[in-house]
Structures are given as structure tokens and as C-alpha cells.
Amino acid sequence: MVETTLLVSKIKNGTVIDHITGGHALDVVKILGITGRTRGTVLIAMYVPSKQLTTKDIVKVEGRELKPEEVDKIALLAPRASINIIRNYKVINKKRVRLPDIIKGIAQCGNPACISNSNEPIQPKFYVKSQDPLMIRCHYCSYIMEKKDILEQF
Ligand code: CTP
Ligand code: ZN
């Protein structure tokens, strides 16, 4: 599809998170810790027609670059998202998010009896069984979690 109009304006400096799975823009906003009390321009577009996906969401954050941990969390929800760094209106860096095969530290096991939820100093660890639909399995107790379970934690 040829873009005939620009739905949301370009930003000057900051980050554009593009090709977010349709419907997940507000989850991305939450992961970034952005609330109405956060100063700074944020542009959100949801269910925009897309060439590669049927529809996509876009989040543009002025004046901010993302931390690796934030990018990893976005990868869990939106495995096809791209992170574009913008400086002086130009895209100076574009990369796809990448979901590793093993996830450490960004999600908590949903099984209350899991050793990773005890007082032991054990970092949660999961194997990614499927990216889309997301399915991860706990290394310690084999508990399976899906996207909706992880979203509840963010
Ligand atoms: N963008 C922006 N502000 C800028 C530059 C780019 O908001 N100053 C946005 C574009 O609207 C687009 C994304 O950043 O959503 C990536 O820009 P660009 O690489 O120019 O677009 P495409 O080539 O369409 O990207 P892709 O191939 O990743 O779809
Ligand atoms: Zn577990």
C-alpha cells in the first residue's frame, strides 16, 4: 500500500517503535513507563494498515532512546517490531527487536510454588517455545506462560 498521507507527524529526536502487532501500542507505552504525568511528546497510532502485517501499531517517543530491557519486553509482545532511532528528523538506526531463545529476568513465573518465586536468590528463566503466539516455559518448574499472563506483570 502506498502511503498517501502521514497519519502521525514525524518526530525530531527520539525513538519510533514501528510494526508493533496491532492492538499492543498501549502495552508498549506501559512498558516504557509513560503515563499522563510524563512530560514529552508521545504519538500513538493503532490498527494502521500495513504492507507486511494486516494492521500495525506505532509509538513515537520524542526525546528518548530505549533501554535494552525495554526492547526485550517489547519483543515479547511484538516480535516484528522495529526500533528506529531518530536524530534531527532522520532515521539514523533501525533494528528489529529480537526475542532470545532463553529469557532471563524480564518475566516472573506464574506458578506460586516455583522455586524462582521462593526466597532463594534464583533468577527466573524461560525457554521460548513459540514466538507467535507467544509461549514460554519455565526452566525450573516447566510452567507454561502465554502473552496474556506476561501482560498482567507489566
Ligand atoms: N519516522 C518518524 N519521524 C522521523 C522519521 C521517521 O516518525 N523524523 C517514522 C516513520 O514514519 C516510520 C518509521 O519512523 O514509521 C521508520 O521510518 P522510515 O525508515 O523512513 O520508514 P520505512 O522505510 O517505511 O520503514 P520500514 O522499512 O521499517 O517500514
Ligand atoms: Zn516456574
Side-chain angles (χ1 to χ4, degrees), residues 1-29 31-32 34 40-66 70-71 74-130 132 134-154:
M1 199 192 81
V2 179
E3 233 180 9
T4 47
T5 52
L6 190 63
L7 272 169
V8 281
S9 65
K10 300 221 169 230
I11 60 169
K12 184 166 187 217
N13 289 297
T15 304
V16 174
I17 305 138
D18 199 356
H19 304 289
I20 301 168
T21 313
H24 283 297
L26 297 181
D27 298 316
V28 169
V29 166
I31 286 168
L32 301 181
I34 295 166
T41 303
V42 177
L43 305 174
I44 301 170
M46 294 199 270
Y47 293 112
V48 174
S50 157
K51 296 172 265 197
Q52 294 147 40
L53 312 163
T54 43
T55 58
K56 66 170 182 178
D57 287 7
I58 310 168
V59 173
K60 303 188 181 191
V61 190
E62 187 77 60
R64 169 156 169 201
E65 296 187 8
L66 309 191
E70 293 170 330
V71 175
I74 292 169
L76 279 170
L77 311 179
R80 282 180 285 270
S82 60
I83 311 283
N84 300 271
I85 311 288
I86 314 293
R87 297 229 179 103
N88 203 18
Y89 291 104
K90 289 205 169 61
V91 178
I92 61 138
N93 187 287
K94 180 194 292 283
K95 60 173 196 275
R96 283 270 301 267
V97 299
R98 210 188 72 81
L99 191 57
D101 296 332
I102 296 176
I103 294 170
K104 285 183 192 157
I106 55 172
Q108 210 64 42
C109 182
N111 170 13
C114 179
I115 190 156
S116 68
N117 286 321
S118 69
N119 290 327
E120 307 291 328
I122 293 174
Q123 196 190 35
K125 177 171 157 183
F126 297 91
Y127 301 104
V128 176
K129 294 279 122 196
S130 155
D132 205 359
L134 183 71
M135 202 181 278
I136 63 175
R137 182 168 57 83
C138 177
H139 165 70
Y140 302 101
C141 74
S142 297
Y143 188 83
I144 302 270
M145 302 221 296
E146 296 172 12
K147 199 188 257 181
K148 64 171 171 39
D149 306 314
I150 294 162
L151 273 174
E152 285 168 9
Q153 301 178 2
F154 288 167

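Numbers for residues simply follow the sequence, beginning at 1. In listed order, ligands and their atoms are each counted from 1. Keep in mind that this is a model prediction, so the values were computed, not measured.
- Among residues at least two apart or in separate chains, side-chain hydrogen bond (donor to acceptor under 3.5 Å, both in side chains) pairs with a member in residues 140-154 are His24-Lys147.
- For ligand 1, the atoms lying closer than 4.0 Å to a non-hydrogen atom of Val16 are 1 (N), 2 (C), 7 (O), 9 (C), 13 (C), 14 (O).
- The contact set between ligand 1 and Asp18, taken as ligand atoms under 4.0 Å from a residue heavy atom, comprises 12 (C), 13 (C), 15 (O).
- Counting heavy atoms from C-beta outward, Asp57 and Val28 have side chains that stay 4.5 Å or more apart.
- Near Lys60, with a cut-off below 4.0 Å to any heavy atom, the atoms of ligand 1 are 2 (C), 7 (O), 9 (C), 11 (O).
- The stretch residues 107-120 participates, sequence neighbours left out, in no salt bridge (charged side-chain N to carboxylate O under 4.0 Å, His left out) pair at all.
- Between Phe126 and His139, the distance separating the two ring centers is not shorter than 6.0 angstrom.
- Counting only protein N, O or S atoms closer than 2.8 Å to the Zn ion (ligand 2) gives 4.
- Here Glu62 pairs with nothing under the salt bridge (charged side-chain N to carboxylate O under 4.0 Å, His left out) rule; sequence neighbours left out.
- Asp18 has no carboxylate O lying under 4.0 Å from a charged side-chain N of Lys60, or vice versa, which leaves the two without a salt bridge.
- Screening Ile58, Leu26, Val61 against Ile44 for a side-chain contact (heavy atoms from CB on, under 4.5 Å) leaves a single residue, Leu26.
- Of the candidates Lys10, Lys94, Lys95, the one placing a heavy atom closest to atom 26 (P) of ligand 1 is Lys94.
- In this structure, the side chains of Asn13 and Tyr89 stay at 4.5 Å or more apart for every pair of heavy atoms.
- A donor-acceptor contact shorter than 3.5 Å links the side chain of Asn117 to the backbone of Cys109.
- Using a 4.0 Å cut-off between heavy atoms, Lys12 makes no contact with ligand 1 at all.
- In terms of polar-atom proximity, defined here as any N/O pair under 3.5 Å, Tyr89 does make such a contact with ligand 1.
- Distances below 4.0 Å separate heavy atoms of Ile86 from the following atoms of ligand 1: 4 (C), 5 (C), 6 (C), 8 (N).
- Among the atoms of Asn84, none of the N or O lies under 3.5 angstrom from an N or O of ligand 1.
- With Arg64 contributing its side chain and Leu32 its backbone, the two residues share a donor-acceptor pair below 3.5 Å.
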